[in-house]
Number of protein chains: 2
Amino acid sequence: MSDVARLAGVSRTTVSFVLNDKPGAAIPDETRRRILEAIDELGYRPNAGARALAANRSGWFGLITEIVTGPFAAEVITGAQSRAWGDRRFLLIAASEGDPAQEAAALDQMLEHRVEGLLYATTWHRAVTLPKAAREVPTVLVNCYDAEGELPCILPDEESGGHRATRRLLDAGHTRIGFINLDPAIPAAIGRREGYERALREAGITPEPSLVIPGWATADGAYTAACELLDRPAAARPTALFCGNDRMAMGAYDAIKERGLRIPHDVAVVGFDNQELIAAYLRPKLTTLALPFEAMGTKGVDMLAALAAGQPLDTHRVTIDCPLLERSSV
Amino acid sequence: MSDVARLAGVSRTTVSFVLNDKPGAAIPDETRRRILEAIDELGYRPNAGARALAANRSGWFGLITEIVTGPFAAEVITGAQSRAWGDRRFLLIAASEGDPAQEAAALDQMLEHRVEGLLYATTWHRAVTLPKAAREVPTVLVNCYDAEGELPCILPDEESGGHRATRRLLDAGHTRIGFINLDPAIPAAIGRREGYERALREAGITPEPSLVIPGWATADGAYTAACELLDRPAAARPTALFCGNDRMAMGAYDAIKERGLRIPHDVAVVGFDNQELIAAYLRPKLTTLALPFEAMGTKGVDMLAALAAGQPLDTHRVTIDCPLLERSSV
DNA sequence: ACAAGGAAGTAACGCGCGTTATTAAAGCGC
DNA sequence: GCGCTTTAATAACGCGCGTTACTTCCTTGT
């Protein structure tokens, strides 16, 4: 920077003013041009670390996930990343691998790097408890919530998702809709079932509990559940299946095809999660709902930026809709 | 840090010595204990940015990928990440989205952050040309190579992969092995075909060109190709299919099942890429080869660490084996 | 002609730390 | 008791930059 100043025939301060577009500093165009030329000629690059030190603003946000691999975390990262870079902020990403020790170590490193905020994301919607150190810095939870309900969080709107999926099947003319659910104890399963039942009631149909079977989140479990549903007498057999996730839909597909039934003519299927590799390549392609991971990532950075700037949050608990992806299974 | 020094009754320098385990500095246990106690009591955390500035070592490596989403990039990141954190180094990750402008911007930011090395990873094995700015810092290519052949690179061993897949089918007793290949012009397709033919020749079988058909990397393309192969007269029909990737294997599965043939009894299948969501949930589960993305990521950080330390590289071009994942389709 | 005010630019300090050169005290052999 | 080495610790500088307080020069109005 001193070299630039010397070459441009000004002081280092002036160079700094130009680089930061300092408001209130009167820099004639001619001087500015000389400085920019010098920067270009010398190939000068400001040192981000030194700037951070002097300005007392690191520009970093931390992002802790359980695993970096896996489509979910990757999408959150994508969303957060793009939003952050656009804002000239940067993401220090760490994976906890589900290990509290690694998680604590990662958090330590982040605090040493003076992150201005922390994003904590989980693979599936559930409650979490953070290490105490997380209180030292603004924190936003993504796809999870803390038991004490103190931290702001961003969650998928499971209820409206279940409603939307069911509604889609109702619109296609189905009235007996089987629901192969996830583990019934988790928030996703509870919310989606509520949405499912609300959609039915809104259509004037009384929810039939026997049409709801847990598939335990596996393809095999869903296969078994689908067999059970499809082998009922014709009058009780569902003409559509709403599956808790796409892997489960895969199992359901097998059960359906095995019985010589066609999708969607004989049985329609809606999945959940939009696991691209499954949904887009099943035959026929699977209509499913997407968990809005990328949107949750960007929203997380937004909220963090607000918090870091000292602004209050309008909403402490944000829910984001799960969009329906129309393919060929309905 | 001054507070710590004051509380411990020593100078800031002494605190620094303790923090860095400075060799040659004689610190009595008693003094060290007092300092560590003071650190603990005050909850002091060193400022990583300031350390970097003073020591002139940022501790950062940059990682540029085309997309952060997608299983490939995610695995590379996982590998690089775990290796880097273990070494107290950190990854500044950016996605180019295939856009040269974004790529250049990302690189600029990385250089401003004074990364000590750059990892450049692509989604599929191919040649690349880097922005000139990349020359300013040690660079290692992952899953790609530069046309000039100047930069060190890490590549999957396609030839041995093709050989291993074919060998597995030969070992299972197959002699007419169809190969539904990727776009024949790309390195992966070329290497794997070489391996395929070598394995055949080693088994005393003359490669039959008509058994090799491009599937153009899509499930539909592979489906068409598989139909063509399976509809040949019995004597010319392959009893096993080696597919260029798992999506293509998915298409092949459909063609096989449609004809009432069973996997693996009538037709065995080997895929490539180990796209977990497909390979592990197809029925029967798909035997496939994994691209060693995670290993490539860790190796990349290793090489970068060596380069950043000024050590010469033993090998300029590293290839890593593609392991066979045994499931149920052979 | 002169004060007032703005335009253009600078010197100097501090951010939090690593590191070198130096000092002061303590131990040791005789 | 004296010189010499080791031990323990420190003052002071610099890393690359942002920022504040200050100076100098030019314009403008009267």
Side-chain angles (χ1 to χ4, degrees), chain A residues 1-36 38-39 42-60 88 90 108-116 136-137, chain B residues 1-39 42-60 88 90 108-116 136:
Chain A
M1 192 159 166
S2 298
D3 296 341
V4 171
R6 200 174 310 122
L7 181 57
V10 297
S11 76
R12 213 175 46 67
T13 306
T14 307
V15 177
S16 174
F17 284 174
V18 168
L19 279 175
N20 297 333
D21 274 327
K22 190 112 216 279
I27 313 271
D29 287 349
E30 159 64 13
T31 306
R32 180 184 308 270
R33 197 189 49 71
R34 281 210 322 276
I35 293 178
L36 293 177
I39 287 177
L42 296 177
Y44 164 77
R45 281 183 214 283
N47 180 322
R51 302 181 87 153
L53 184 58
N56 193 26
R57 284 190 58 250
S58 73
W60 290 100
R88 305 206 86 205
F90 304 91
D108 269 348
Q109 289 300 332
M110 292 188 170
L111 292 173
E112 294 195 4
H113 280 278
R114 297 298 185 266
V115 294
E116 299 172 36
E136 298 181 24
V137 80
Chain B
M1 189 158 167
S2 298
D3 295 341
V4 171
R6 201 174 311 121
L7 181 58
V10 297
S11 75
R12 215 178 44 67
T13 306
T14 308
V15 176
S16 175
F17 284 174
V18 168
L19 278 175
N20 298 333
D21 274 327
K22 189 112 218 276
I27 313 273
D29 286 348
E30 158 65 12
T31 306
R32 180 185 306 271
R33 196 187 50 71
R34 281 210 322 278
I35 293 178
L36 294 177
E37 256 177 23
I39 288 178
L42 296 177
Y44 165 77
R45 282 182 212 284
N47 181 322
R51 302 181 85 153
L53 182 59
N56 194 24
R57 285 190 58 249
S58 72
W60 289 99
R88 307 206 84 203
F90 305 91
D108 269 348
Q109 289 300 331
M110 292 188 168
L111 292 173
E112 294 195 4
H113 280 279
R114 298 298 187 264
V115 294
E116 297 172 38
E136 297 180 25

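Below, chains carry the letters A, B, ... as their sequence lines are ordered, and counting in each starts from 1.
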TODO: Summarise protein proximity over nucleotides 15-24 of chain D in one line of letters, 5' to 3': B for base, S for sugar-phosphate only, - for none, counting protein heavy atoms closer than 4.0 Å.
DONE: BBBBBB----
Task: Side-chain N,O (A:T14) to OP1/OP2 (C:dA8) below 4.0 Å - done: no
Open item on the list: Can you give me the closest heavy-atom contact between A:L53 and B:A50, atom names plus distance?
Closed with: CD1-CB, 3.9 Å
Task: A:H113 and B:F90 aromatic ring geometry - parallel, tilted or perpendicular at 30°/60° bounds - done: perpendicular
- [ ] Identify the heavy atoms of B:T14 and B:I35 that sit nearest to each other, and give their distance.
- [x] CG2-CD1, 3.7 Å
TODO: List in chain and number order the residues that pass side-chain hydrogen bond (donor to acceptor under 3.5 Å, both in side chains) with A:T13, two or more places apart in sequence or in another chain; answer none if no residue qualifies.
DONE: none
N/O-N/O pairs, protein side and nucleotides 24-28 of chain C side, under 3.5 Å:
none

Open item on the list: Measuring from atom CG of A:D3 to atom CZ of A:R12, what distance do you get when rounded to the nearest 0.5 angstrom?
Closed with: 11.5 Å
- [ ] For B:R51 and B:L19, work out which heavy atoms get closest and say how close.
- [x] NH2-O, 4.4 Å
Open item on the list: Regarding B:E37 and B:R34, does a basic nitrogen lie under 4.0 Å from an acidic carboxylate oxygen?
Closed with: no
Open item on the list: Could you check whether any side-chain heavy atom of A:S16 comes within less than 4.5 Å of a side-chain heavy atom of A:M1, counting everything from C-beta outward?
Closed with: yes
Open item on the list: Based on the rotation axes of five pairs at each end, what angle does the helix from C:dA1-D:dT30 to C:dC30-D:dG1 bend through, to 10°?
Closed with: 40°
Open item on the list: Among residues at least two apart in sequence or on other chains, which ones pass side-chain contact (heavy atoms from CB on, under 4.5 Å) with B:A54?
Closed with: none
Open item on the list: Give me the atom names and distance for the closest heavy-atom approach of B:R114 to A:R45.
Closed with: NH2-O, 2.7 Å
Open item on the list: I want to check something: taking the side chain as every heavy atom from C-beta on, are A:Y44 and A:L7 in contact at a cut-off of under 4.5 Å?
Closed with: no
Open item on the list: Show the nearest heavy-atom pair for residues B:R57 and B:E116, with the distance to one decimal.
Closed with: C-OE2, 3.5 Å
TODO: Give, ordered by number, those residues of residues 27-34 of chain B having at least one heavy-atom distance below 4.0 Å to an atom of DNA chain C; if nothing qualifies, reply none.
DONE: none
